[in-house]
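A short write-up of the structure that comes next.
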Amino acid sequence: MGRATVRREPSAGLFAGLSVGHARLLVVSANESPAGQQPTATSAAVKNDSVRDSAFLKACRREPVPHTPVWFMRQAGRSLPEYRKVREGIPMLESCTRPELVTEITLQPVRRHNVDAAIYFSDIVVPLKAIGVDLDIKPGVGPVVEKPIRTRADLAQLRDLTPEDVPYITEAVGLLTRELGATPLIGFAGAPFTLASYLVEGGPSRTYENAKAIMYGDPQLWADLLDRLADITAAFLKVQIEAGASAVQLFDSWAGALAPVDYRRSVLPASEKVFKAVEGYGVPRIHFGVGTGELLTPMSEAGVDVMGVDWRVPLDEAARRVGPGKALQGNLDPTVLFASTEAVESKTREVLDSAKGLEGHIFNLGHGVMPNTPPDALTRLVEYVHTNTAR
Ligand SMILES: Cc1c2[nH]c(c1CCC(=O)O)Cc1[nH]c(c(CCC(=O)O)c1C)Cc1[nH]c(c(CCC(=O)O)c1C)Cc1[nH]c(c(C)c1CCC(=O)O)C2
């Protein structure tokens with residue numbers, strides 16, 4: 001089989017040209033563009049075309065691709081030594097508010113692994129922090145909320161999000177889209193249920209007992225909470241899209257804790273509202289959760305173009321549950337990367353084989369990259385998928 005075309009990589013000299021005007025309009029990387037050069041309409045058109053024609057966006061649209069595109073959830077982060085180096089001494093949530101740092105961290109896996117898309121470096125709790133919710137991300141723990149939301153009065157903590165609350169996102173997405181050239185940028189947000197799980201529990205939970213107590217016991221309060229979160233999430237995605245993100249992923253990571261009947265009744269309407277709010281932009285909408293095999297049908301009815309699948313359901317079976325007219329994303333077990341190269345290749349072939357009849361396939365892991373994953377295993381995996389799917 002032939003080799004996949006090697007794309008131009010984003011410039012390594014990030015800090016060289018960050019002051020140049022609005023990034024989306026520039027075709028060339030910062031290295032090639034003298035500071036102050038005016039963007040032209042032609043360069044904007046060329047750049048937009050090359051992003052639109054990328055393997056990733058083609059696969060999202062279920063069009064023929066030169067090779068199966070690859071990116072990894074949590075590709076930017078602790079598995080990379082260069083990430084740990086630039087983050088040294090900077091708390092997680094503070095790092096999300098520094099546009100140049102966000103840009104650098106987002107680009108690191110693109111440079112290193114040659115993935116087909118970048119994912120914006122941030123966290124699902126960033127919009128909540130931005131509207132004043134008292135929370136922090138504790139290393140090794142996750143998001144922790146000072147005053148959990150459990151009563152109607154507590155809902156007052158959740159006001160609407162405006163672009164002025166997150167100016168650093170607009171700036172960083174602008175910087176990134178210029179640096180990335182033809183590589184698309186994926187924006188993301190946490191889905192209402194997953195955000196509610198942190199807000200109500202006050203931190204990570206295995207059982208979601210407080211959240212479910214409201215969901216089952218006070219359905220009106222629950223519906224109002226999820227509706228508020230849907231508006232905040234939609235506003236957060238809009239900021240990213242309007243600044244230049246080419247696709248968005250809604251992470252409902254913990255929805256797998258729900259039975260389909262409860263998901264449909266108590267969660268789907270809020271996630272649907274989020275996807276509806278960004279429908280008009282025409283950017284692909286990706287939906288993902290862990291342990292959601294039983295929810296693939298209702299989750300794919302939320303208004304999605306691409307359905308993410310974890311490693312528990314083979315892609316051909318997932319396609320039956322999702323139905324026609326949608327691409328699938330996934331789904332190598334992230335722990336496979338700790339095994340031998342031979343094992344990684346054989347498990348990857350299994351994923352590629354089960355993807356053979358799909359209308360569109362974006363290769364990914366079945367959940368995020370684990371912190372101790374050997375970075376070289378990821379680089380080899382991208383190369384393997386590109387080489388073995390080149391058409
Ligand atoms: C549930 C969830 C969260 N955050 C996110 C989700 C949904 C995805 C998933 O299901 O994994 C999404 C997220 N969080 C982060 C990204 C960055 C982009 C990427 O590379 O994918 C993304 C997409 C950075 C991060 N978010 C976090 C880190 C680690 C903090 C650090 O490096 O100091 C990173 C790189 C912190 C975080 N934030 C959260 C958790 C559970 C943790 C890990 C806690 C820990 O083990 O330390 C909440």
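Residues: numbered from 1 along the sequence shown. Predicted model only: the values in this text are computed from it and were never measured.
Partner of Asp231 under the salt bridge (charged side-chain N to carboxylate O under 4.0 Å, His left out) criterion, chosen from Arg159, Lys273, Lys276: Lys273. Considering Phe236, Phe251, Phe121, Trp71 as possible partners of Phe188, the one that fulfils the ring pair (Phe, Tyr, Trp, His ring centres under 6.0 Å) test is Phe251.
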task: Go through the steps to decide whether Arg84 and Glu88 satisfy the test salt bridge (Lys or Arg N to Asp or Glu O under 4.0 Å), and finish with yes or no.
output: CA-CA 6 Å; Arg84 292 194 290 267; Glu88 226 167 84; over 6 Å; no
- prompt: What's the verdict on side-chain hydrogen bond (donor to acceptor under 3.5 Å, both in side chains) for His67 and Asn388, showing C-alpha distance, side-chain angles and the deciding distance?
  reply: CA-CA 8 Å; His67 59 265; Asn388 286 279; over 6 Å; no
message: Test salt bridge (Lys or Arg N to Asp or Glu O under 4.0 Å) on Glu301 and Arg264; report intermediate values, then the result.
response: CA-CA 10 Å; Glu301 289 167 11; Arg264 267 189 199 283; 2.8 Å; yes
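Residues Thr194 and Ala255 come closest through the heavy atom pair OG1-N, 4.3 Å. Closest approach of Ala319 to Leu358, counting heavy atoms only: CB-CD2, 3.6 Å. Here the shortest heavy-atom pairing between Gly330 and Val351 reads O-CG1, 3.9 Å. Contact detail for Lys238 and Tyr281: the closest heavy-atom pair is CG-OH, 3.5 Å. Of all heavy-atom pairs spanning Cys60 and Ala327, the tightest one is O-CB, 4.1 Å. Minimum heavy-atom separation, Arg62 to Lys326: CD-C, 3.6 Å.
Between Glu82 and Arg111 there is no salt bridge, since no side-chain nitrogen of the basic residue lies less than 4.0 Å from a carboxylate oxygen of the acidic one. By the 4.0 Å N-to-carboxylate-O rule, Glu350 lies close enough to Lys347 to be salt-bridged with it.
Cluster annotation: Val173 is connected to Leu93 through the hydrophobic network of ILVMFWY side chains, with a link wherever side-chain heavy atoms come within less than 4.5 Å.
Remark: Glu294 CD is loosely packed, at most 12 non-hydrogen atoms of other residues, nucleotides or ligands lying under 6.0 Å away.
A side-chain donor-acceptor contact under 3.5 Å links Arg228 to the backbone of Leu158.
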